[in-house]
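See structure below.
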Amino acid sequence: NSKLVTDNCMFINLNYFMYNIKKISLTSRTLSFALPKKSVKLDLMLNLNLLNPPQREAVETTEGAVLILAGAGSGKTRVITHRIAHLILNLNVDPSRILALTFTNKAAEEMFHRAAQLVRKNVKKLNVTTFHAFGLKLIKKYANQMGFKNGISIADPSDQLAILKS
């Protein structure tokens, strides 16, 4: 699966597979990895000319793995949201085949809204969520296959303490 990983986000495109990785530098403080890009016709609603060359390369790289590690304010979320829009608008990828993972609900909500603004069409099936929420969804979906009973829930620390005391 193709991945875009940052210090606060992880993007997985479920349509593609991982191959050789190539290094790209976004800035002098940034380390980034990506595969060679494919040339594609750009959608007029999505202006990739607003991105710097390494950001654009990360957006347009659609075959294989993409890894971006960068500091705060370097445009990681912009790259991820533009890549989501590029996949949907220019490559006709079904939004339900795209998964973007981040660490906080606030970041997931922001990423979803930014991608929706770029795409300008229905993206309700776009999967933008947190690592924890996605992991819980998978555990619940495959609980039986993993040997768990249905109805799995997460116990916060106070619930855990109450269970131990009972």
*asked:* Do F103 and T130 have side chains that approach each other closer than 4.5 Å (heavy atoms only, starting at C-beta)?
replied: no

_Value rounded to 0.5 Å, distance of OG in S96 from CG in L126_ = 9.5 Å

*Treating Ile, Leu, Val, Met, Phe, Trp and Tyr as nodes and any side-chain heavy-atom pair under 4.5 angstrom as an edge, say whether L50 and L118 lie in one connected cluster.*
no

*Transitively linked via ILVMFWY side-chain contacts under 4.5 Å: Y142 with F131?*
yes

*With E109, which residues qualify under salt bridge (Lys or Arg N to Asp or Glu O under 4.0 Å), at least two apart?*
none

_If I take atom CG from residue N92 and atom CZ from residue R97, how far apart are they, to the nearest 0.5 angstrom?_
14.5 Å

_With a 6.0 Å cut-off (strictly less than), is the heavy-atom count around CG of D159, excluding the residue itself, greater than 12?_
yes

_Donor-acceptor under 3.5 Å (K149 side chain, N144 main chain)_ = no

*Tell me, with the steps shown, if L101 and L99 meet side chain to side chain contact (heavy atoms under 4.5 Å, CB included).*
CA-CA 6 Å; L101 297 174; L99 171 64; 3.7 Å; yes

*Are the side chains of L48 and V59 in touch, meaning some heavy atoms are under 4.5 Å apart?*
yes

_pair E110-R114: side-chain heavy atoms closer than 4.5 Å_ = yes

*asked:* If I take atom CZ from residue R120 and atom CD1 from residue I88, how far apart are they, to the nearest 0.5 angstrom?
replied: 13.5 Å

*Verify, without hydrogens or angle tests, whether Q55 (side chain) and S74 (backbone) share a donor-acceptor contact under 3.5 angstrom.*
yes

*Answer yes or no: is there a side-chain heavy-atom contact under 4.5 Å between F134 and N127?*
no

*asked:* Distance check, rounded to the nearest 0.5 Å: T129 atom OG1 versus N105 atom CG?
replied: 7.0 Å

*Looking at residues at least two apart in the chain, or sitting in another chain, which of them share a side chain to side chain donor-acceptor pair (under 3.5 Å) with S166?*
none

_Restricting to non-hydrogen atoms, name the atom on I84 and the atom on A100 that form the minimum distance, rounded to 0.1 Å._
CD1-CB, 4.1 Å

*Any side-chain donor-acceptor pair under 3.5 Å between R56 and N49?*
yes

*Just how far is it from atom CZ of F148 to atom CD1 of I139, taken to the nearest 0.5 Å?*
7.0 Å

*Counting only N and O atoms by type, is there a donor-acceptor contact under 3.5 Å from the side chain of R78 to the main-chain atoms of L51?*
no

*Say you draw a straight line from CE of M111 to OG1 of T104; how long is it, rounded to the nearest 0.5 Å?*
8.5 Å

*Okay, side chain of H86, backbone of H82: is any donor-acceptor separation there less than 3.5 Å?*
no

*Of the non-hydrogen atoms in P95 and N122, which two are nearest, and what is the gap between them?*
CG-O, 4.4 Å

